[in-house]
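I have placed the structure first, in the form of structure tokens, so that the comments after it can refer back to it.
Chain naming here is simple, since letters A, B, ... match the order of the sequence lines and numbering starts at 1 in each. Worth saying up front: this structure is predicted, and the values here are computed from it rather than measured.
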There are 2 protein chains.
Amino acid sequence: MGFTKKHIFSDNQNLVASYSKVLGHPARISIIQQISDKKHCNCNQLVKSIGLAQPTISQHLAEIRKIGLLKQTVKGKNLFYSINTEKLNDCRRIVNDFFVKTQVSCNK
Amino acid sequence: MGFTKKHIFSDNQNLVASYSKVLGHPARISIIQQISDKKHCNCNQLVKSIGLAQPTISQHLAEIRKIGLLKQTVKGKNLFYSINTEKLNDCRRIVNDFFVKTQVSCNK
DNA sequence: ACGTGATATTGCAATATCACGTTAAATTTA
DNA sequence: TAAATTTAACGTGATATTGCAATATCACGT
């Protein structure tokens, strides 16, 4: 097999999972942290500081972009990334909601 | 390649990623929710309510167990699972910390 | 001891992911 | 226009994940 049977789960369950999945790789955690630290950050800077090849970083960036967590600004020949803070907030809320509801269920 | 270069990342980055990875599949989200809802829940109940085969559920349970999120109680021939609330709390804290710190960085 | 129900393990096929070399597209600079 | 720089896209090999059937194990009742 190898695929996920998304259709048997609720929209919220799929949403929590897809957000979490993006956070489920240390390179993507590192990328998100660096972009938010440096405000504007291009691909090359990430390649140098993280130590993975450019195509690999680019691929991880694409996955973070997929869930809408990145904004792009073109400045000359550089493409600068920054965090979409509204989306980050949304992401945090969705994941935290899962934890809160689970904890409430556990304690009742 | 196909493997993750964990050694180039910090312990915290790897921790956030490994917790998130476990939450990165809707079946595991559903399993965690059902176990916390029903307090005690055995494998068979999950198989019936979720609609995946028993080995698949068992495999997902093993991954959730790996990060210490499950407790087991044997009652007769039944094995009941419940949530390790301390670990759930820890997990929530680690993930939430990542979000909080990222947001702080974005806003400064 | 035997059968039964519940769960774990094994082995497999299909697919996804990770990492990278190479190439291509776009833009700046000479 | 040509060269240089940056990043996305494509292709590929290696590994991991998902899901399941078959089997093994484990605990209980008879």
Side-chain angles (χ1 to χ4, degrees), chain A residues 1-9 13-14 17-31 34-35 38 40-67 70-82, chain B residues 1-9 13-14 17-31 34-35 38 40-67 70-82:
Chain A
M1 296 269 162
F3 55 87
T4 298
K5 288 189 165 179
K6 292 198 175 182
H7 59 282
I8 67 175
F9 303 104
Q13 287 167 339
N14 281 315
S18 65
Y19 283 163
S20 298
K21 197 173 185 180
V22 170
L23 304 183
H25 194 290
R28 292 193 286 268
I29 295 294
S30 180
I31 289 172
Q34 293 201 37
I35 292 178
K38 293 173 190 160
H40 292 290
C41 190
N42 65 3
C43 183
N44 242 359
Q45 290 175 302
L46 294 167
V47 170
K48 278 172 197 158
S49 63
I50 294 180
L52 291 172
Q54 178 269 321
T56 307
I57 297 292
S58 196
Q59 207 171 300
H60 284 303
L61 281 168
E63 285 195 58
I64 303 171
R65 205 166 32 208
K66 261 188 211 162
I67 59 164
L70 291 182
K71 284 181 184 173
Q72 306 185 0
T73 331
V74 180
K75 271 228 178 101
K77 68 179 146 190
N78 286 296
L79 178 50
F80 288 101
Y81 294 100
S82 58
Chain B
M1 300 267 165
F3 55 89
T4 298
K5 290 189 167 179
K6 291 198 177 184
H7 60 280
I8 67 176
F9 303 103
Q13 287 168 338
N14 282 314
S18 64
Y19 283 163
S20 298
K21 197 173 185 181
V22 171
L23 303 183
H25 194 291
R28 293 193 285 267
I29 295 294
S30 180
I31 288 172
Q34 291 200 36
I35 291 177
K38 293 173 188 158
H40 292 292
C41 189
N42 63 6
C43 181
N44 240 359
Q45 289 175 303
L46 294 167
V47 170
K48 278 172 195 158
S49 63
I50 294 180
L52 291 172
Q54 180 268 322
T56 308
I57 297 292
S58 194
Q59 217 169 310
H60 283 303
L61 282 168
E63 284 197 60
I64 302 172
R65 206 166 32 207
K66 261 188 211 161
I67 59 164
L70 291 182
K71 285 181 184 172
Q72 306 184 0
T73 330
V74 178
K75 273 228 177 97
K77 66 179 149 193
N78 285 297
L79 177 51
F80 288 101
Y81 292 100
S82 59

Residue pair B:Ile50 / B:Thr56, side-chain heavy-atom distance below 4.5 Å: no
Side-chain donor/acceptor of B:Gln59 to base of D:dC20, under 3.5 Å: yes
Annotated protein contacts, base or backbone, on nucleotides 25-30 of chain C with a non-hydrogen cut-off under 4.0 Å, one of B, S, - each: --SS--
B:Ser49 side-chain N/O to B:Gln45 backbone N/O, donor-acceptor pair under 3.5 Å: yes
Pairwise 5' ranking along DNA chain D for A:Cys41 and A:Thr4, keeping only the more 5' one: A:Cys41
Distance test, side-chain N/O of B:Thr56 to OP1/OP2 of D:dC20, below 4.0 Å: yes
Nearest-Å distance for atom pair CZ/C1', residues B:Arg28 and D:dA16: 12 Å
Whole-Å distance separating the CG atom of A:Leu52 from the P atom of D:dT7: 16 Å
Which atom of A:Ile29 lies closest to which atom of B:Gln13, heavy atoms considered: CG2-CG, 3.9 Å
Check: A:Gln54 side chain, D:dA8 base, donor-acceptor under 3.5 Å: yes
Closest-nucleotide ordering on DNA chain C, the 5'-leading residue of B:Lys48 and A:Gly24: B:Lys48
Sugar-phosphate, base or nothing in reach of B:Lys6, heavy atoms under 4.0 Å: nothing
Whole angstrom value for the distance that separates P of D:dA8 from CZ of A:Phe80: 13 Å
Distance in angstrom units between B:Leu46 CG and C:dA8 C1', rounded: 15 Å
Whole-Å gap separating C1' (D:dT15) and NE2 (A:His25): 12 Å
Flag, side chain of A:Ser18 to backbone of A:Asn14, donor-acceptor distance under 3.5 Å: yes
Minimum heavy-atom distance between B:Leu70 and B:Arg65, given as atom pair plus value: CD1-N, 4.2 Å
Contacts of A:Gln59 that satisfy side-chain contact (heavy atoms from CB on, under 4.5 Å) - sequence neighbours left out: none
Heavy-atom closest pair, residues B:Arg28 and B:Lys21: NH2-O, 3.3 Å
Check against side chain to side chain contact (heavy atoms under 4.5 Å, CB included), A:Tyr81 and A:Gln72: CA-CA 5 Å; A:Tyr81 294 100; A:Gln72 306 185 0; 3.6 Å; yes
Short side-chain N/O contact to C:dA8 OP1/OP2 from B:Tyr81, under 4.0 Å: yes
Residue-phosphate contact under 4.0 Å: A:His60 side-chain N/O, C:dA19 OP1/OP2: yes
Separation of D:dT17 P from B:Leu23 CG (nearest whole Å): 15 Å
Separation of C:dC18 C1' from B:Ile8 CD1 (nearest whole Å): 12 Å
Sugar-phosphate only, base, or nothing, as touched by A:Gln45 at under 4.0 Å among non-hydrogen atoms: nothing
Rounded interatomic separation in angstrom, taking CZ from B:Phe9 and P from C:dA19: 7 Å
Side-chain N,O (B:Asn42) to OP1/OP2 (C:dA6) below 4.0 Å: no
Heavy-atom side-chain proximity of B:Gln34 to B:Leu46 below 4.5 angstrom: yes
Residue-phosphate contact under 4.0 Å: A:Ser58 side-chain N/O, D:dT7 OP1/OP2: no
Minimal non-hydrogen separation, A:Val47 against A:Gln54, with atom names: CG2-CA, 3.5 Å
Which nucleotides of DNA chain D pair, in dot-bracket form (Watson-Crick or G-U under 3.5 Å, | meaning another strand): ||||||||||||||||||||||||||||||
Parallel, tilted or perpendicular: rings of B:His25 and A:Phe9 (30°, 60°): perpendicular
Earlier contact from the 5' end, DNA chain D, for B:Lys21 and B:Pro55: B:Lys21
Of B:Leu61 and A:Phe3, the one whose closest DNA chain C nucleotide lies more 5': B:Leu61
